[in-house]
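Just follow the structure's listing: the first ligand is 1, and inside any ligand the first atom is 1.
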Amino acid sequence: MKRLTLTFGLLALAAVLAACSGASADNPTSAAPAGSPSGDAVTIVAKDIKFVPTAVTVKADTAFDLAFDNQDGAPHNIKVTDGSGATVFKGEIVTSTKVTYAVPALPAGSYGFVCDVHPEMKGTITAQ
Ligand SMILES: [Cu+2]
């Protein structure tokens, strides 16, 4: 019984540590305006089952950080597809949180982005 208690205590501690480190990583409160192509960072917000903005521009042939701010209680992600519909990037599905996706360099062209959970949530990415 004592051993069981100790094991549970360690698990609880690990859970607390994981929660803490996650929270601090998610809290750099630098508020760049959504969608502005400032530098190499791009922000897309998901709110009310919609993406804001629905069109973003990035630098071609340059990997970039895509800040994804899901403000909904519903799960969303961002999947990037090329002109033929092939997936070129797939972000993890998150709920009520902000994450940063590392998107690989995109050759110049037009791309689509969509939520895997809600196919009606769509937008376009222009790499130029
Ligand atoms: Cu969604």
When the side chains of residues 116-128 are checked against the rest of the protein, which donor-acceptor pairs come out under 3.5 Å, sequence neighbours left out?
{"residue": "D116", "atom": "OD1", "partner": "K79", "partner atom": "NZ", "Å": "3.2"}
{"residue": "D116", "atom": "OD2", "partner": "N77", "partner atom": "ND2", "Å": "2.9"}
{"residue": "H118", "atom": "ND1", "partner": "H76", "partner atom": "ND1", "Å": "3.1"}

Restricting to distances shorter than 2.8 Å, give the number of protein N, O or S atoms close to the Cu ion (ligand 1).
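There are 3 of them.
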What pairs meet the side chain to side chain donor-acceptor pair (under 3.5 Å) rule with one or both residues in residues 100-110, with sequence neighbours excluded?
none
For residues 80-91, dump all side-chain donor-acceptor pairs below 3.5 Å to protein atoms at least two apart in sequence or in another chain.
{"residue": "T81", "atom": "OG1", "partner": "G112", "partner atom": "O", "Å": "3.4"}
{"residue": "D82", "atom": "OD1", "partner": "S84", "partner atom": "N", "Å": "2.9"}
{"residue": "D82", "atom": "OD1", "partner": "S84", "partner atom": "OG", "Å": "2.8"}
{"residue": "D82", "atom": "OD1", "partner": "G85", "partner atom": "N", "Å": "3.1"}
{"residue": "D82", "atom": "OD1", "partner": "A86", "partner atom": "N", "Å": "3.0"}

With a 3.5 Å distance limit and no angle check, can you tell me whether T97 reaches the backbone of T95 through a side-chain donor-acceptor pair?
no
Dump the intermediate steps for side chain to side chain contact (heavy atoms under 4.5 Å, CB included) on V58 and Y111, then the final yes or no.
CA-CA 11 Å; V58 301; Y111 299 81; over 6 Å; no
Spell out, yes or no, whether V114 and V42 are grouped together once hydrophobic residues are joined by side-chain heavy atoms under 4.5 Å, including indirect joins.
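Result: no, two separate clusters.
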